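Working notes for the structure below.
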Amino acid sequence: MQRKPGLWMGAFIGGLLMIPVIALSFLGQQLAGFPFIPSILFAFGRDNAPGELVPRIIQVMSNTIISLNIGRVDVVAKQVEFVIEWTTLLILGIIAGAIFFAVMRRMQKPANESFPGIGLGLIVAVIVLGMMATLPYLGSADPAVSIVWIAILLIGWGMAVGSVYNTLAYRTAAPQEAQASAQVIDRRQFLVRVGAASATLTVVGAGLGALLNQRDEDIIQPLAQPDATPSVEMASLPNADDPVIPAPGTRLEVTPLEDHYRIDITTVPPRIEPEGYVLPFTTALTEDGSVRTIAELTLDDIRSYPSRQDYITMSCISNPVGGSLISTIKWTGVSMQTLLADIDIPENATHIKITAADGFDETVALSVIEEDERVMLAYEWEDQPLTVEHGFPLRIHIPNRYGMKQPKWITGMEFISGDQDGYWVRRGWDKEALALATAVVDTVATDAMYENENGEMVIPVGGIAWAGDRGISRVQVSVDDGEWVDAQVRSPISDRTWQIWRYDWVFSEGTHTFRVRCVDGNGSAQIERAQGTFPSGATGIDSARAVIESTNA
């Protein structure tokens, strides 16, 4: 009697055949806006992880990327998330395939060989669709059509797994056995064919998806990024006449658009078409508790209001001291004060709950908006529409807060009575997320050593200091744990940007450690105690080591 395939073969086949499903799901996302199945599993696991697990994982991942120096934290982190997404669905296929083969091995040949595979696909589809039902919708296509698409993919996968099992169990044999009968197929050749078919579907699906993705970039970018990032003329900045010149190697005062950090909860940024986009202002603060739409504004409506432009530094709360998750760029938008002046706000409303296309949400107190005209609903960065990656069509800016409090890809605003915890607050991050003062060493410019007016050889040392909207009143540098000495501080571009500091250090040969600290505009010194990013942001003293040789002179 022919030996039926078992658990390990099932795991192999289930995983192998799930790879083209991933590729075809990607194609469906790019072609029609269907949800990407791996993203559903990833988002469900992320949103239902116990306690502080996700924030802790984020902290470990960030620290690992930095310690291994394998690239920009935000870029590498997104790549890791992609791998996790695809791997999660792959593992689901491996487990389901293994269980299916193990169960079928103990059963008699069914009267209808296709039914078990259909049943397998239905079970997996129900699991995935059940997860999707608990999440904000992750696609742009009609949800009902998306359900059908996902069901077709997964039931098709189940039927393929069932078909392979039936062939291996009833119609294949080892090569020597196959020679004795024309009724059976060489098992190795069959598995090779299955692998080749899987590879072909994967290449076609992934390849077409990539082409469509590039096509979408070509279509959307003229709306969200019409030209290459314009170079910022430093001479045109408000602080252009400041006498403090940044030390060579200090980061640019204004971050190029393509270099602005990106941290969010989605691996694939939502694509919202400008045509037909409407921002609804709703409330359930009605007599019967029903949801009422108070106003609906198109992008043209929002752009018709008087605009404001502000240079703004924004940092991620998960940015370690000296990390790269902080950037400065020019924002354009409308003050929320101005916008809300034309909206009939319910009398008992105290907050606005902001929802986003990626499932993110956060709450802003109306009192914050009433007291600060700088709270902005932004639609442009660097005089061009927001890019898809950075929140097109709308994102909000709230001064003196970390990025975790500031949704992008905004799709709705709801007036509510009482405060509600936002997405990351519910997961243990700080409720207020106030920006902490920090100073960073960007450069010890050994190649820029020069002789000062006293005939001494000096090396420029420099970096940035930032304290939200409180400004910086003082920066001090300590070399080799020596006394703290005041550095020069360049005036800021605006009341919400980092400030460049510079210290010209008298040359001394050897290996030296440079430490920096700052005092904010209110006179409060930065926290020198080393603390991780979770839950309120990192604290501690940044430092840099440099080997100074006389040959540099």
Side-chain angles (χ1 to χ4, degrees), residues 59-60 62-73 244-253 261 313 315-316 318-327 435-467 472-490 498-520 524-533 537-553:
Q59 190 170 25
V60 170
S62 177
N63 292 339
T64 301
I65 293 170
I66 292 171
S67 62
L68 295 178
N69 193 28
I70 54 179
R72 277 181 44 171
V73 173
V244 179
I245 305 301
T250 303
R251 70 190 73 191
L252 298 176
E253 280 194 284
Y261 86 89
T313 295
S315 175
C316 181
S318 61
N319 190 38
V321 174
S324 61
L325 303 180
I326 181 171
S327 303
L436 300 174
T438 186
V440 176
V441 182
D442 280 340
T443 180
V444 180
T446 56
D447 293 338
M449 186 185 303
Y450 71 97
E451 184 177 340
N452 67 13
E453 58 188 11
N454 297 324
E456 301 168 314
M457 298 304 298
V458 297
I459 293 177
V461 182
I464 61 164
W466 182 66
I472 299 295
S473 63
R474 189 179 193 184
V475 173
Q476 292 184 309
V477 177
S478 171
V479 183
D480 299 330
D481 294 323
E483 65 175 325
W484 289 96
V485 181
D486 286 340
Q488 302 175 78
V489 181
R490 184 173 168 86
W498 58 34
Q499 291 177 242
I500 302 293
W501 62 266
R502 173 176 177 144
Y503 175 64
D504 289 340
W505 173 67
V506 177
F507 165 77
S508 174
E509 188 174 356
T511 300
H512 301 279
T513 300
F514 300 83
R515 303 167 68 226
V516 65
R517 68 185 184 184
C518 68
V519 177
D520 71 19
S524 299
Q526 78 170 78
I527 300 171
E528 297 187 22
R529 182 187 70 255
Q531 174 181 292
T533 58
T539 61
I541 299 294
D542 190 42
S543 64
R545 294 180 72 238
V547 178
I548 316 295
E549 299 178 355
S550 58
T551 53
N552 291 331

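Only this structure's heavy atoms are used, side chains among them; waters, hydrogens and symmetry mates stay out. This structure is a prediction, so every number in the text was calculated from the model and none was measured.
By the 4.5 Å heavy-atom criterion applied to side chains, Val485 and Val477 are not counted as neighbours. Counting heavy atoms from C-beta on, the side chains of Trp505 and Ile548 come closer than 4.5 Å. Between Gln488 and Asp504, the closest side-chain pair of non-hydrogen atoms falls below 4.5 Å. Using a 4.5 Å cut-off on side-chain heavy atoms (C-beta onward), Arg474 and Asp486 make contact. Put simply, the side chain of Thr539 does not reach to within 4.5 Å of the side chain of Gln526, judged on heavy atoms. Side chains of Ile500 and Ile464 form a contact here, defined as non-hydrogen atoms less than 4.5 Å apart. Put simply, the side chain of Gln499 does not reach to within 4.5 Å of the side chain of Val244, judged on heavy atoms. Within the 4.5 Å cutoff, side-chain heavy atoms of Val441 are placed close to those of Trp501.
Residues satisfying the side chain to side chain donor-acceptor pair (under 3.5 Å) criterion with Glu453, sequence neighbours excluded, are absent altogether. For the side-chain contact (heavy atoms from CB on, under 4.5 Å) test, residues two or more places apart in sequence or in another chain that qualify with Asn454 are Asn452, Glu456.
Atoms CG and CG, from Asn63 and Leu68 in turn, are 10.5 Å apart once rounded to the nearest 0.5 Å. Put simply, CH2 on Trp466 and CG on Leu436 are 8.5 Å apart, with the number rounded to the nearest 0.5 Å. Distance check, rounded to the nearest 0.5 Å: CD of Gln531 to CD of Glu528 gives 14.0 Å. Atom CG of Asp480 sits about 9.5 Å away from atom CZ of Arg545, to the nearest 0.5 Å. Atom CZ of Arg490 sits about 10.5 Å away from atom OG1 of Thr250, to the nearest 0.5 Å.
Nearest approach of Ala546 to Phe514, heavy atoms of both residues: CB-CE1, 4.2 Å. Scanning both residues, Ala538 and Val321, for their nearest heavy atoms gives CB-N, 3.8 Å. The two atoms that bring Thr446 and Val547 nearest to each other are CG2-O, 4.5 Å, heavy atoms only. Minimum interatomic distance between Pro320 and Ser62 (heavy atoms only, all atoms of both residues): CD-OG, 4.1 Å. Taking each heavy atom of Ile65 and Gly71 in turn, the nearest pair found is CG2-O, 3.7 Å. When all heavy atoms are compared, the tightest approach of Val479 to Tyr503 is CG2-CE2, 4.3 Å.
In Glu483, the CD atom is not crowded: 12 or fewer heavy atoms of neighbouring residues, nucleotides or ligands sit closer than 6.0 Å.
At distances below 3.5 Å, at least one donor-acceptor pair connects side-chain atoms of Ser327 with backbone N or O atoms of Tyr261. The backbone N or O of Pro460 lies less than 3.5 Å from no partner atom in the side chain of Arg502, so there is not a single donor-acceptor pair. Side-chain N or O atoms of Thr443 include none that pairs as donor or acceptor with a backbone N or O of Val461 at under 3.5 Å. Here the side chain of Ser524 pairs no donor or acceptor atom with the backbone of Asp520 at under 3.5 angstrom. In this structure, the side chain of Ser478 engages the main chain of Gly482 through a donor-acceptor pair within 3.5 Å.
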Can you check side-chain contact (heavy atoms from CB on, under 4.5 Å) on Asp481 and Thr513, steps first, answer last? CA-CA 8 Å; Asp481 294 323; Thr513 300; over 6 Å; no
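Arg517 and Gln476 are linked by a side-chain donor-acceptor pair at a separation below 3.5 angstrom, with hydrogens and angles left out of the test.
Of the listed residues (Val440, Thr438, Ile472), just one forms a side-chain contact (heavy atoms from CB on, under 4.5 Å) with Cys518, and that residue is Ile472.
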